[in-house]
Amino acid sequence: MSDVRRNDGDELRALMARVPSVERVLASDAFAPLCARYGRTQVLDALRTTLDAWRGEAQAGRASVDALSDASLALSVGEHLAKRTQSSVRSVFNLTGTVLHTNLGRALLPDEAVSAVVDILTRPANLEFNLDTGARGDRDDLINGLICELTGAEAATVVNNNAAAVLLTLSALASRREVIVSRGELVEIGGAFRIPDIMSRAGAKLREVGTTNRTHLKDYDEAIGPKTALLMKVHCSNYAVTGFTKEVSLAELAPLAKARGLAIAVDLGSGTLVDLAQWGLPREATVRETVAAGADVVSFSGDKLLGGPQAGLIVGRRDLIAKIKKHPLKRALRVGKLTLAALEAVLRLYRAPENLRERLTTLRLLTRPADAMRLSAERIQAALQRMAGAEFAVAAEPMFSQIGSGALPVDVLPSYGLAVRLASGKRAGGQLNRLEKRLRELPRPVLGRIADGALRLDLRCLEEADEAAFVAQLEARSAGA
Ligand SMILES: *Cc1c(COP(=O)(O)O)cnc(C)c1O
């Protein structure tokens with residue numbers, strides 16, 4: 001090593017003269033693979049950056065001429081380019097315990113959806129072309145039949161997400177008129193979706209009835225007037241009103257709406273197509289039950305409990321869906337072919353309910369047996385202990401996961417995972433945050449959560465197929481590795 005500590009005058013000039021010409025370096029054997037992979041323009045750029053950094057170091061008396069060899073430069077430039085070309089959207093390990101995590105992309109799609117998307121990505125398709133008549137088609141027609149079959153609705157349409165579905169429904173059916181909603185249902189979903197705001201965006205006037213905890217049928221009845229366009233019910237996705245409460249059910253509200261000649265719109269939020277209680281999950285009204293109970297229009301998300309791609313589905317009465325589809329916003333909020341392909345593949349899985357638990361990724365994760373997670377925790381424990389170091393104690397223990405995305409907010413699912421605490425038994429301060437950061441900096445970042453003095457990695461969403469890769473990257477970062 002020819003480290004140079006003090007560089008004044010001549011010495012610095014002599015050092016700078018050692019910087020090779022970029023043309024010569026680029027033409028060297030060491031750089032051939034880089035140029036082939038990234039193209040000369042990017043490599044030249046990165047080489048200049050690397051050499052500039054070296055000059056800065058030299059001026060500060062910290063540079064080594066060894067770093068100027070073709071091989072060293074190729075290594076630095078290669079690392080720089082690899083980092084730059086890493087995609088910004090990256091896969092992570094979701095060990096937060098929240099299965100449908102909005103910040104982590106919500107539902108994971110089954111293989112059937114993946115291959116449908118690959119097909120349509122790489123080949124032209126009949127997106128808006130009717131293969132029977134040879135005429136122009138409607139993209140909604142590709143999956144409307146399937147949606148109606150699964151929900152019992154007369155008609156359906158699909159938009160970008162459920163927020164868009166609610167906005168479009170209100171814009172098309174209630175613009176410049178009143179929509180009656182119970183005060184107990186004026187939800188705010190994360191990310192600035194608030195029922196009162198959406199209502200005014202859609203040009204509709206919110207008519208609140210009842211109180212936060214109690215709303216009666218007569219509250220709706222008394223609020224109905226000549227300006228009323230719709231009665232609306234909104235799923236209390238992310239909160240629960242308990243105690244001295246009264247909510248008017250859809251079944252109670254439907255006869256009133258009918259008698260007064262009004263439609264009921266329901267924002268179901270998550271919206272499930274099957275009774276989750278059959279797998280021991282908390283019960284939720286299905287879309288079919290909601291339609292049968294008298295909802296005229298129902299909207300719900302594609303990527304929550306349904307387990308599909310981001311989308312908003314609107315189902316209901318034929319005349320109302322036709323009106324919604326004619327609204328100019330529909331064109332702005334429509335979905336692309338990738339969404340349609342993925343959604344159709346996921347919906348098809350519902351035709352075989354007996355296989356659904358195994359095939360639909362979301363459902364498989366939500367119903368994972370505690371034993372499988374416990375065994376996985378026991379297998380991984382030692383690797384995490386080595387990676388964390390002796391400062392920490394890693395224990396396999398029971399914990400609770402959440403469904404997430406506002407689905408069934410108060411219910412928690414018994415789960416199993418790894419909890420990391422200080423080996424000293426003392427209450428951890430910054431140490432856990434530092435460990436959490438180290439896990440986040442792994443090639444495929446690992447995301448857990450810190451709660452009650454422990455860093456918790458819930459293993460519900462680490463399926464066996466992924467376990468080896470998970471352990472391998474822990475081993476690669478263990479002390480001594
Ligand atoms: C989640 C949710 C929405 C928003 O759905 P996105 O698909 O995220 O746009 C709207 N309403 C309710 C009640 C929800 O739970």
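The model shown is predicted, which means the values in this text are computed figures rather than measured ones. One-based numbering, in listed order, for ligands and for the atoms of each.
Applying the ring-ring contact (aromatic ring centres under 6.0 Å, His included) test to Tyr38 and every residue at least two apart in sequence or in another chain returns nothing.
The distance from the CG atom of Asn433 to the CD1 atom of Ile450 is 4.0 Å, given to the nearest 0.5 Å.
Pairs engaging residues 90-112 under the salt bridge (Lys or Arg N to Asp or Glu O under 4.0 Å) rule: Arg106-Asp303, Glu112-Arg359 [sequence neighbours left out].
Residue Lys233 places no heavy atom under 4.0 Å from ligand 1. Between Asp267 and ligand 1 there is a heavy-atom distance shorter than 4.0 Å. The closest approach between any non-hydrogen atom of Ile189 and ligand 1 is below 4.0 Å.
Judged by a 6.0 Å distance limit and a 45° cone about the ring axis, Arg460 is not positioned over the six-membered ring of Tyr416.
Using a 4.0 Å cut-off to heavy atoms of Arg106, the atoms of ligand 1 that qualify are 6 (P), 7 (O), 8 (O). Taking every non-hydrogen atom of Lys304 and a distance limit under 4.0 Å, the qualifying atoms of ligand 1 come out as 1 (C), 2 (C), 3 (C), 5 (O), 14 (C), 15 (O). Taking every heavy atom of Ser301 and a limit of under 4.0 angstrom, the matching atoms of ligand 1 come to 5 (O), 6 (P), 7 (O). Short contacts between ligand 1 and Ala163, defined as distances under 4.0 Å to a heavy atom of the residue, involve ligand atoms 4 (C), 5 (O), 6 (P), 9 (O). Atoms of ligand 1 found under 4.0 Å from any heavy atom of His235, numbered from 1 in the order shown, are 13 (C).
Only one option out of Arg434, Arg438, Arg440 pairs with Glu436 in a salt bridge (charged side-chain N to carboxylate O under 4.0 Å, His left out); it is Arg440.
The pair Arg183-Glu208 counts as a salt bridge, with a side-chain nitrogen and a carboxylate oxygen less than 4.0 angstrom apart.
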